[in-house]
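Only one structure is covered here, and it is reproduced in the block below.
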Number of protein chains: 2
Amino acid sequence: MDRYIEAVVAIEGSESLAAIQSIVRSSVVPLGYDRFVMFSASPAREDLVDSIYWVEGDWFGKGVTVDAETYVRHCPVTRNFLNVDEPFFWTKVMSARGEKYRVVRTPRGPGFHGLQVPVFGRTGLEGAMSFAGTRIDASARTRAVLTMIGAAAFRAARRLIEAHEPNGASSLSPREREVLRWIAAGRRQADIAASLGLSERTVENHLRRARLRLGVATTAQAIRLAIRSGEIED
Amino acid sequence: MDRYIEAVVAIEGSESLAAIQSIVRSSVVPLGYDRFVMFSASPAREDLVDSIYWVEGDWFGKGVTVDAETYVRHCPVTRNFLNVDEPFFWTKVMSARGEKYRVVRTPRGPGFHGLQVPVFGRTGLEGAMSFAGTRIDASARTRAVLTMIGAAAFRAARRLIEAHEPNGASSLSPREREVLRWIAAGRRQADIAASLGLSERTVENHLRRARLRLGVATTAQAIRLAIRSGEIED
DNA sequence: TTCGGGTTGAGGGAAACTCCTCAACGCGCT
DNA sequence: AGCGCGTTGAGGAGTTTCCCTCAACCCGAA
């Protein structure tokens, strides 16, 4: 079976971030990519980047430490994820007024180029993996490979990292969330009661408790807050 | 380069649905999958499935035509996409009270099994590709292959189909949008009327027209749709 | 000028939702 | 056993929204 598929399987089975990184490296360094950034993201944040899982390689010049803030400030093409839902290549252009990053169809020749691979989930953008290098292979094949490996690596890394961090406790109970989901889907309280096998009163009570917990006055506002915080699917 | 990667590249370059289907078939039939469903979906719809792009093979018994409604009614595991954001295997279980579909970690032995591969985008769930067969390879490798091919095939198919169907983007009027924004912020119609200097009736009328345009039954659902389509800010 | 669309507003009635309090049951935890 | 929490459900009263129809005004396009 294909070696890149094997890499994905190995990534999925990895038990440490270092293991994931090692597999990614050995897979994509031969393709010319030797700088990596992996981060979780949320379109609700205006700076997009939530927290960085992995930074490696010389991104902005020797000796520059890259943290979340630096990365976002220097790499504005990341915001392109708000407009597209596929991986895209970028290239660093040197102009009279300094360096500039630009989204391109195909980066050519030597220079600093990269591929941003977004990872989407139920709530939209969840994170990304970014590959870069000075002499990269930018073929359609390589893009497909990086798309697959980047997505697998991000999911595997997040699985490991979120296992260690106390996950953001959702403020709604399962029932409250379920009722709210149906309301957001356009059902009436009575319909929901029927399809869940509850009394209309119970549905109403769940809704009220949900409003209380979310600290809002109306159900419409609760829908919006719940979507924003990922309690229910957008 | 790997043959499955080549398949993905070929899918991305396809200019017809038939071409995509042909590539998918030749890639996954050797793995035991000979039944396919590809559909666009939206968590906003309570039946989840929007429209079906591709149905092939014997899903529910010989001679049963599968349309969107039949598929959803017979295949409740599809709703599992609301809870997970990774592909999952399912299997058909024969019990005393008829057949039942169940989500499983690994389907074993002969029988009717399948893999559901969700495709996510900026707005969350966008569609899925479903592979099934009676003697399937359910290894981690195959799951990785189907994940990649399913996602590529769905995106390519949607690109082709949406190019033909000019989507009627029905937008809201400025006033409708403004009222909806306030509603989403938790205001009551009467409050909005006061702060916009309108009568309560007018606010109510704007809301009704907004619901009509968005094609939804309740204001709560309108909030969600408007957020999804970017009519109001999240 | 006529036509369509957006905005404004009304009446009347029906349906749905919100708010308050109270209470029972199960489940896990100390 | 006692406690907290989630789930379920009720009565009663009040508020809010929804539905349907009708109509006036303004404005830009045909």
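These numbers come from a predicted model, not from an experiment. Just so you know, these numbers use all the heavy atoms, side chains as well, and skip hydrogens, waters and symmetry mates. All chains are named by letter (A, B, ...) in the order of the sequence lines, taking the proteins before the strands, and each is independently numbered beginning at 1.
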OP1 or OP2 of C/dG9 versus the side-chain N and O atoms of B/Thr202: is any pair under 4.0 Å? yes

A/Glu176 atom CD is separated from D/dC5 atom P, nearest whole Å, by 13 Å

Ranking C/dT18, C/dG9, D/dT7 by distance to the side chain of B/Arg188, first place goes to C/dT18

Rounded to whole Å, CZ of A/Arg175 lies from C1' of C/dC25 at a distance of 15 Å

To the nearest angstrom, the CZ-C1' distance between A/Arg211 and C/dC20 comes to 13 Å

- Any chance CH2 of B/Trp182 has more than 12 other-residue heavy atoms, nucleotides or ligands included, within less than 6.0 Å? no

Margin query: Is the phosphate of D/dT7 approached by A/Ser173 (side-chain N or O, under 4.0 Å from OP1 or OP2)?
Written below: yes

Contacts of B/Pro174 and B/Glu200 projected onto DNA chain C by closest heavy atom; the upstream (5') one is B/Pro174

Side-chain atoms of B/Arg201 come closest, of C/dG12, C/dC20, D/dC18, to C/dG12

Is A/Thr219 close enough to C/dC17 that one of its side-chain N or O atoms is under 4.0 Å from OP1 or OP2 there?
no

field: Side-chain N or O of A/Arg209 closer than 4.0 Å to phosphate OP1/OP2 of D/dG6
entry: yes

Problem - Main-chain N/O of B/Ala184 paired to A/Gln221 side chain as donor or acceptor, under 3.5 Å - result: no

Between NE2 of B/His206 and C1' of D/dC18 the distance, given in whole Å, is 16 Å

Whole-Å distance, B/Leu207 CG to C/dT7 P, equals 13 Å

Would you call the rings of B/Tyr33 and B/Phe131 parallel, tilted or perpendicular, taking 30° and 60° as the class edges? perpendicular

| query | Are B/Thr219 and B/Arg211 close enough that a side-chain donor and a side-chain acceptor fall under 3.5 Å? | reply | yes

Closest to the 5' end of DNA chain D, once A/Asn205 and B/Glu204 are matched to their nearest nucleotides, is A/Asn205

ask   = So does B/Gln189 get a side-chain nitrogen or oxygen closer than 4.0 Å to the phosphate oxygens (OP1/OP2) of D/dT15?
value = no

| Base, sugar-phosphate alone, or nothing: which one does A/Thr218 contact when heavy atoms must sit under 4.0 Å apart? | nothing

note: A/Leu198, atom CG; D/dT7, atom P; distance rounded to Å ~ 10 Å

Report task. Measure from the side-chain N and O atoms of A/Ser22 to the backbone N and O of A/Ala18, and report whether any donor-acceptor pair falls under 3.5 Å. Result -> no

Taken to the nearest whole Å, CD/B/Gln221 to P/C/dC17 is 13 Å

Side-chain atoms of A/Arg213 come closest, of D/dG6, D/dC18, C/dC19, to D/dG6

Rounded to whole Å, CZ of A/Arg208 lies from C1' of D/dT8 at a distance of 13 Å

